[in-house]
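Below: the structure, in structure tokens.
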Amino acid sequence: MAPFLRITLTAYEMGALPTMDSTPICAIRIKESVSTERGRTLVQKKPTMFPSWRSCFDAHIYEGRVIEVILMKSTEEPLAKAAMNVSALTERCRVSKSKNNSEFWMDLHPSGRIQITLQYFLEDTDIGKTSA
């Protein structure tokens, strides 16, 4: 099996976004780079995930794969988002002081940020996590 990242969404900050009475939802879209007649484009092949805060999900590392993180007021109302290439996330783990682990804040647009913890694995393990 391909190497993968175990991704945990650990915290959020709203920044200039309107304050909310409840905890925002986080949506994850994993998109694949595919060739088309007009060049390369990103396509979402699997359903959007809505992981709970402080839970984790796995994402296999494939060339051109992108993870889009969306902070949402509800499953129908996005507030802010950001996207990051899986290869860039993998590189964060490789160069971190903590071997194969990384923790950082991802800035969202138009405002806010999400704290993400990454773990890099060379092969699948039997730990029961959501996989993409």
Side-chain angles (χ1 to χ4, degrees):
M1 289 298 270
F4 68 96
L5 293 172
R6 179 153 295 149
I7 302 167
T8 306
L9 307 172
T10 53
Y12 65 91
E13 291 181 358
M14 298 298 284
L17 296 171
T19 57
M20 296 176 43
D21 294 332
S22 61
T23 303
I25 298 168
C26 194
I28 303 294
R29 294 181 183 152
I30 297 181
K31 298 182 177 183
E32 313 294 333
S33 178
V34 296
S35 294
T36 66
E37 295 170 356
R38 296 182 180 171
R40 298 201 67 79
T41 190
L42 293 173
V43 175
Q44 182 178 342
K45 294 182 178 180
K46 296 186 178 191
T48 301
M49 294 184 284
F50 295 93
S52 303
W53 291 103
R54 295 183 187 83
S55 68
C56 60
F57 64 93
D58 295 341
H60 286 95
I61 301 165
Y62 298 118
E63 186 66 34
R65 188 173 242 197
V66 172
I67 296 178
E68 185 178 35
V69 179
I70 308 163
L71 193 64
M72 305 182 79
K73 186 172 185 175
S74 69
T75 56
E76 302 298 321
E77 190 175 346
L79 296 168
K81 66 181 175 179
M84 192 167 235
N85 189 295
V86 172
S87 297
L89 294 172
T90 303
E91 190 59 27
R92 279 184 176 264
C93 289
R94 289 185 180 155
V95 299
S96 72
K97 294 176 187 175
S98 172
K99 192 106 170 148
N100 293 333
N101 293 311
S102 179
E103 185 173 275
F104 65 98
W105 285 92
M106 178 189 285
D107 291 329
L108 302 174
H109 300 285
S111 183
R113 62 188 193 153
I114 292 179
Q115 187 177 32
I116 297 175
T117 302
L118 300 172
Q119 292 177 283
Y120 173 74
F121 293 92
L122 292 175
E123 57 188 45
D124 282 333
T125 62
D126 290 332
I127 301 173
K129 302 294 176 201
T130 304
S131 184

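Worth saying up front: this structure is predicted, and the values here are computed from it rather than measured. Counting begins at 1 with the first residue of the sequence.
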Do [X] and [Y] come close enough that some side-chain heavy atom pair is under 4.5 Å?
X	Y	value
I7	D58	no
M14	P24	yes
L89	F104	yes

Taking only distance into account, with no hydrogens and no angle test, what donor-acceptor pairs under 3.5 Å do side-chain atoms of residues 75-87 form with protein atoms, sequence neighbours excluded?
residue : atom : partner : partner atom : Å
N85     : OD1  : S87     : N            : 2.7
N85     : OD1  : S87     : OG           : 3.3

message: Show every ring pair (Phe, Tyr, Trp, His ring centres under 6.0 Å) that has at least one partner inside residues 65-92, sequence neighbours left out.
response: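 Output for this query is empty, none listed.
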
message: Please list all pairs meeting ring pair (Phe, Tyr, Trp, His ring centres under 6.0 Å) that have one or both residues in residues 15-40, counting only residues at least two apart or in different chains.
response: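 Checked against ring pair (Phe, Tyr, Trp, His ring centres under 6.0 Å) - neighbours excluded - no pair reaches residues 15-40.
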
- request: List for me each residue that meets side-chain hydrogen bond (donor to acceptor under 3.5 Å, both in side chains) alongside T117, sequence neighbours excluded, and say none if there are none.
  value: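 Partners of T117 by the side-chain hydrogen bond (donor to acceptor under 3.5 Å, both in side chains) criterion, ordered by chain and then number, come out as E103.
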
task: Not counting sequence neighbours, which residues clear side-chain hydrogen bond (donor to acceptor under 3.5 Å, both in side chains) with T41? List them please.
output: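 Partners of T41 under the side-chain hydrogen bond (donor to acceptor under 3.5 Å, both in side chains) test: none.
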
Residues that Y120 engages under ring pair (Phe, Tyr, Trp, His ring centres under 6.0 Å), provided they are two or more places apart: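 Ring pair (Phe, Tyr, Trp, His ring centres under 6.0 Å) list for Y120, sorted by chain: empty.
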
task: Not counting sequence neighbours, which residues clear ring pair (Phe, Tyr, Trp, His ring centres under 6.0 Å) with W53? List them please.
output: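 Here the qualifying residues are Y12.
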
query: Rounded to the nearest 0.5 Å, what separation is found between the SG atom of C26 and the CD1 atom of I28?
result: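 The CD1 atom of I28 is 4.0 Å from SG of C26, to the nearest 0.5 Å.
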
Rounded distance [0.5 Å steps], OG1 in T8 versus CD in Q115: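 Here the interatomic distance stands at 10.5 Å.
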
message: Going by side-chain hydrogen bond (donor to acceptor under 3.5 Å, both in side chains), name the pairs with one or both residues in residues 16-25, residues two or more places apart or in two chains.
response: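 Every pair satisfying side-chain hydrogen bond (donor to acceptor under 3.5 Å, both in side chains) with a residue in residues 16-25: there are none.
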
In terms of hydrophobic clustering (I, L, V, M, F, W, Y; side-chain heavy atoms under 4.5 Å; direct or indirect links), are [X] and [Y] co-clustered?
X	Y	answer
L42	I61	no
L9	M49	yes
L71	M20	yes

message: Tell me the closest heavy-atom pair linking P47 and Q44, and the distance in Å.
response: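 It is C-NE2, 3.6 Å.
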
- prompt: Transitive ILVMFWY cluster of I25 at side-chain heavy atoms under 4.5 Å: who else is in it?
  reply: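 Direct or chained contacts put I25 with F50, I70, M72.
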
- request: Could you list who else is in V43's hydrophobic cluster, with ILVMFWY side chains joined at under 4.5 Å, directly or through other members?
  value: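 Members alongside V43: V34.
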
query: Sub-3.5 Å donor-acceptor pair from the side chain of S33 to the main-chain atoms of G64, do we have one?
result: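 Checked: no pair found.
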
message: Ignoring hydrogens and geometry beyond distance, is a side-chain donor-acceptor pair present between R54 and T10 at under 3.5 Å?
response: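 The criterion, which ignores hydrogens and geometry beyond distance, is not satisfied for T10 and R54.
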
- request: Output every pair passing salt bridge (Lys or Arg N to Asp or Glu O under 4.0 Å) with a member in residues 22-37, not counting sequence neighbours, ordered by first then second residue.
  value: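 Found R29-E68, K31-E68, E32-R65.
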
- request: Identify, with sequence neighbours excluded, every residue that meets side-chain contact (heavy atoms from CB on, under 4.5 Å) alongside R38.
  value: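 Checked R38 against side-chain contact (heavy atoms from CB on, under 4.5 Å); matches are T36.
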
